[in-house]
J.: 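Got a structure here, written out as structure tokens. Questions coming.
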Amino acid sequence: MTKQPENEPNKKQQQLEDFKVDHEGQDLTTNQGTKVSNTSDSLKAGERGPTIMEDFHFREKVTHFDHERIPERVVHARGFGVHGYFQVYEPLTDLTKAKFLQDPNVKTPVFVRFSTVVGSRGSADTVRDVRGFATKFYTEEGNFDLVGNNMPIFFIQDAIKFPDLVHAIKPEPNNEIPQASAAHDTFWDWVVNNQETAHMIMWLLSDRGIPRSFRMMEGFGVHTFRLVNSEGKARFVKFHWKPKLGVHSLTWDEAQKIAGKDPDFNRRDLWDAINDGEYPEFELGLQVIEEEQEFDFDFDILDATKIWPEEQVPVK
Ligand code: HEM
């Protein structure tokens, strides 16, 4: 090492003493706001250490790092979101006073998050499961969340059973198997004891359970909603998303192989498509039932385990 002549400013020393700023001139500080001059060397007892406990910045930085985690969601932990926009084809003034559904020239920004339900955050994309299809519309009048799934119905009629359903479908408690799927005894115990689930199981075990691409999935609001127009007239509606590319699935054999070769298959597909300018498009459709027709059907139109047959109530 060359020795610095005495009293001559040491450039490295000076850099170490200057407070750190980012490219916008913002100070680097501790969590308490104290400016920091060095965040790459801890205070040492002598040149070769050890690090000393007086270095409060070091202790805070490492403690903060050790706690950097967002609790995993209990369901829909694995998801992937993208930005886009929404436009109505024609004013829906007759049906609703919601401003974003009036003017075909208005582009409402949206954010859509696609997800699986059961698997943990790092699980494979191509598992057999329901897919979430959650859209947030950033409308002029505030945010409107349209939470949906890629199947038009749900497992249960009463929300109080949801914790029991999810506990049953999550991995077995004694061995934490299986990951991200429903093929195990606790789930089938649930199914045989809760007959309202039968309809959803048919959808889950159909081709819909393994979508080929998020761009090729339908979305359904599942619940029955009400739209109210400016005259106060209300109607029952169900929301549908129809992909312009059509609905496509993987075969079980393809899904299993892909899960091993590229667990990020669905998110990569969406990422690549958007980067290639192949923007996915979905059409928002509505089924509408007049309030006076509420009891005209041989099923309860508020029952989330039933569809409104499209031949009886067409999607517009
Ligand atoms: C039956 C009662 C239900 C309960 C108690 C329930 C509960 C939950 C919970 C706790 C989350 C995770 C929230 C978070 O940690 O951020 C969630 C997410 C989600 N749920 Fe449900 N859920 C129910 C029914 C449904 C239904 C019927 C649908 C379909 C319309 C649905 C679709 C979704 C979607 C898509 C997400 C993920 C949203 C996102 O991507 O951020 N859920 N649900």
Side-chain angles (χ1 to χ4, degrees), residues 69-84 86 109-123 125 127-138 143-170 180 182 187 190-191 193-204 206 208-211 213-215 217-227 236-243 247 264 266-267 270-271 280 282 284-287 299-308 315:
R69 50 180 69 75
I70 299 167
E72 181 160 309
R73 294 175 188 217
V74 60
V75 283
H76 296 270
R78 179 154 180 91
F80 195 67
V82 290
H83 295 275
F86 171 81
V110 295
F111 184 74
V112 184
R113 182 172 178 267
F114 301 107
S115 48
T116 53
V117 178
V118 184
S120 51
R121 206 182 144 199
S123 56
D125 277 351
V127 294
R128 177 178 292 285
D129 195 1
V130 183
R131 299 299 185 286
F133 190 133
T135 309
K136 189 182 282 289
F137 297 76
Y138 301 92
N143 294 346
F144 170 56
D145 285 307
L146 179 53
V147 177
N149 281 341
N150 74 328
M151 295 171 198
I153 50 156
F154 203 56
F155 292 97
I156 46 177
Q157 289 165 323
D158 190 323
I160 197 170
K161 284 190 178 183
F162 191 79
D164 310 320
L165 159 74
V166 173
H167 290 162
I169 203 169
K170 284 275 176 177
F187 184 59
W190 161 272
V191 172
N193 286 297
N194 293 274
Q195 287 76 18
E196 76 266 34
T197 289
H199 189 186
M200 186 70 170
I201 293 302
M202 297 299 156
W203 284 83
L204 186 58
S206 79
R208 301 273 175 148
I210 25 178
S213 162
F214 293 139
R215 301 178 290 140
M217 280 183 351
E218 282 186 301
F220 302 90
V222 178
H223 296 286
T224 300
F225 294 80
R226 275 170 101 227
L227 285 182
F236 296 108
V237 297
K238 281 202 190 262
F239 292 107
H240 296 245
W241 290 109
K242 303 257 183 202
V247 179
D264 305 305
N266 287 145
R267 63 173 59 191
L270 191 56
W271 175 264
F282 297 84
L284 182 63
L286 290 175
Q287 284 179 298
F299 57 90
D300 183 349
I301 65 164
L302 304 184
D303 180 348
T305 66
K306 307 284 191 299
I307 54 168
W308 294 0
V315 180

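Start at 1 and go down the list; that is how both ligands and their atoms are numbered. Note that the structure is predicted; figures quoted are calculated from it, not measured.
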J.: Protein residues near ligand 1, heavy-atom distance below 4.0 Å?
T.: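 Near ligand 1, by chain and number: Arg73, Val74, Val75, His76, Arg113, Gly132, Phe133, Ala134, Val147, Gly148, Asn149, Phe154, Ile156, Ala159, Phe162, Gly221, Val222, His223.
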J.: Do NZ/NE/NH1/NH2 and the carboxylate oxygens of Asp129 and Arg208 come within less than 4.0 Å?
T.: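 No, this pair does not count.
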J.: Please name all residues satisfying ring pair (Phe, Tyr, Trp, His ring centres under 6.0 Å) with Phe144, sequence neighbours left out, ordered by chain then number.
T.: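 Listed in chain order: Phe100, Phe137.
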J.: Quick one: ring pair (Phe, Tyr, Trp, His ring centres under 6.0 Å) partners of Phe236, sequence neighbours excluded?
T.: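 Ring pair (Phe, Tyr, Trp, His ring centres under 6.0 Å) list for Phe236, sorted by chain: empty.
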J.: Test of understanding: with ring pair (Phe, Tyr, Trp, His ring centres under 6.0 Å), list the residues that count as partners of Phe220, not counting sequence neighbours.
T.: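 Ring pair (Phe, Tyr, Trp, His ring centres under 6.0 Å) check on Phe220 returns His240.
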J.: Using every non-hydrogen atom in the two residues, find where Met151 and Val222 come nearest and quote the distance to one decimal.
T.: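 In terms of heavy atoms, the two residues are closest at O-CG2, 3.6 Å.
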J.: Look at Lys306 together with Asp300 and state whether they make a salt bridge at an N to O cut-off of under 4.0 Å.
T.: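 Salt bridge flag = no for Asp300 with Lys306.
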